[in-house]
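Sequence positions, counted from 1, serve as the residue numbers for this chain. Bear in mind the structure is a predicted one, so any value in this text is a computation, not a measurement.
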Amino acid sequence: MSIVLSLDMADEETLFPQLLNIITRYEKYVDDAEPLFKLEGKKLEEIARTLPYNLAAYDRHYQEMKTLEEWLMVRRDKIQAKLWKKYLEGYARALASKDIQMYIQGDKEYVEFTEIILEVGNIRNKLHAVVEGFTQMGWMIGHITKLRIAELQDVVL
């Protein structure tokens, strides 16, 4: 099930703690990836066997963070539309669109969503770096394996 579908979106009071739990959980995933890149003392077969699993798992986490970030942007756009309407209709004198935008960008709810989007984007970028690292590791393991096979073929019995 998608991370977005698992959220209880009844109100903002329950949504923010859920988002903070998700952010904490995914930060732990990023921290847990560091030991996976330490290859000293490991057998080539073990690394080659676990690499696809790790790559798939972290790519899935990356995609989930990307989806969550896009979903949060949609929610922020809804807040912006609601506030735009409020400021457009709520004042006796007409406000310029730049003034309305400034009021919206200073609104507490809008700022909180923007901060969460930035945090989710940061975690998404870290997960992307982990995925890229596993991709490079796969390239490296493939070439090491090819070199070892070539050495075996050159041996005269």
Side-chain angles (χ1 to χ4, degrees), residues 1-40 42 46-144:
M1 176 167 58
S2 171
I3 193 169
V4 173
L5 295 177
S6 68
L7 292 172
D8 177 23
M9 296 173 276
D11 58 33
E12 304 306 320
E13 290 178 17
T14 60
L15 181 62
F16 283 119
Q18 291 176 59
L19 290 171
L20 292 177
N21 287 338
I22 289 169
I23 289 170
T24 304
R25 186 171 73 228
Y26 280 81
E27 281 179 339
K28 184 169 176 1
Y29 290 150
V30 170
D31 293 340
D32 291 346
E34 186 177 346
L36 299 173
F37 288 102
K38 294 186 174 144
L39 304 179
E40 288 182 32
K42 292 185 180 178
E46 178 186 339
I47 296 168
R49 186 174 51 246
T50 60
L51 185 64
Y53 169 77
N54 291 331
L55 179 61
Y58 279 92
D59 189 49
R60 186 176 63 247
H61 295 324
Y62 167 70
Q63 294 300 328
E64 288 172 352
M65 278 292 103
K66 191 174 177 183
T67 302
L68 181 62
E69 184 179 30
E70 291 172 5
W71 180 81
L72 286 169
M73 286 182 184
V74 169
R75 291 283 297 220
R76 186 182 66 180
D77 290 346
K78 284 174 135 179
I79 292 168
Q80 183 178 10
K82 178 183 73 171
L83 291 170
W84 190 277
K85 185 176 179 182
K86 171 186 152 187
Y87 288 120
L88 194 59
E89 295 175 352
Y91 288 92
R93 67 177 186 90
L95 292 172
S97 62
K98 186 130 178 119
D99 294 334
I100 294 173
Q101 190 65 36
M102 293 296 286
Y103 282 131
I104 290 171
Q105 289 176 352
D107 188 80
K108 181 182 179 213
E109 187 179 13
Y110 185 86
V111 169
E112 287 174 349
F113 259 86
T114 303
E115 289 171 349
I116 290 176
I117 289 169
L118 292 173
E119 188 64 33
V120 168
N122 183 33
I123 294 170
R124 179 186 52 83
N125 290 338
K126 289 177 182 178
L127 286 167
H128 182 68
V130 170
V131 169
E132 287 298 313
F134 281 129
T135 303
Q136 291 298 319
M137 186 187 291
W139 179 86
M140 176 191 70
I141 296 298
H143 285 304
I144 289 172

Would you say the side chain of D32 lies within less than 4.5 Å of the side chain of K28, judging by non-hydrogen atoms? yes
Using a cut-off of 6.0 Å, state whether more than 12 heavy atoms not belonging to E34 lie near its atom CD. no
Smallest separation among heavy atoms of L55 and V131, with atom names: CD1-O, 3.6 Å
Is it the case that over 12 heavy atoms from other parts of the model lie below 6.0 angstrom from the CE atom of M102? no
To the nearest 0.5 Å, what is the distance between CD1 (I123) and CD (E64)? 12.5 Å
Pair Q101, Q105 - check side-chain contact (heavy atoms from CB on, under 4.5 Å), show working. CA-CA 6 Å; Q101 190 65 36; Q105 289 176 352; 3.4 Å; yes
Quick one: closest heavy-atom pair of Y29 and H61, and the distance? CE1-CE1, 3.5 Å
Using 30° and 60° as the class limits, which term best fits the ring planes of H128 and Y62: parallel, tilted or perpendicular? tilted
Could you tell me the separation between the CD1 atom of I141 and the CZ atom of R49, rounded to the nearest 0.5 Å? 12.5 Å
E119 versus N122: any side-chain heavy-atom pair under 4.5 Å? yes
Are the side chains of M140 and L39 in contact, using a 4.5 Å heavy-atom criterion? yes
Hey, what do you get for CG (L20) to CG (L15), rounding to the nearest 0.5 Å? 9.5 Å
Which pair of non-hydrogen atoms, one from M65 and one from V120, has the smallest distance, and what is that distance? O-CG1, 3.6 Å
For the residue pair V130 and A33, what are the closest heavy atoms and their distance? CG1-CB, 3.8 Å
Calculate, to the nearest 0.5 Å, the distance between atoms NZ and CG belonging to K78 and L83 respectively. 13.5 Å
Over all heavy atoms of both residues, which pair between L36 and K42 is shortest? Give the atoms and the distance, please. O-NZ, 4.4 Å
Salt bridge present between K108 and E112 (N-O < 4.0 angstrom): yes
Return the CD1 to CG distance between I79 and D107, rounded to the nearest 0.5 Å. 8.0 Å
Which heavy atom in F37 sits nearest to a heavy atom in F134, and how many Å separate them? CE2-N, 3.7 Å
Can the ring centroids of F16 and F113 be said to lie less than 6.0 angstrom from one another? yes
Gap between atom CG of L68 and atom CD1 of I117 - 0.5 Å precision: 9.0 Å
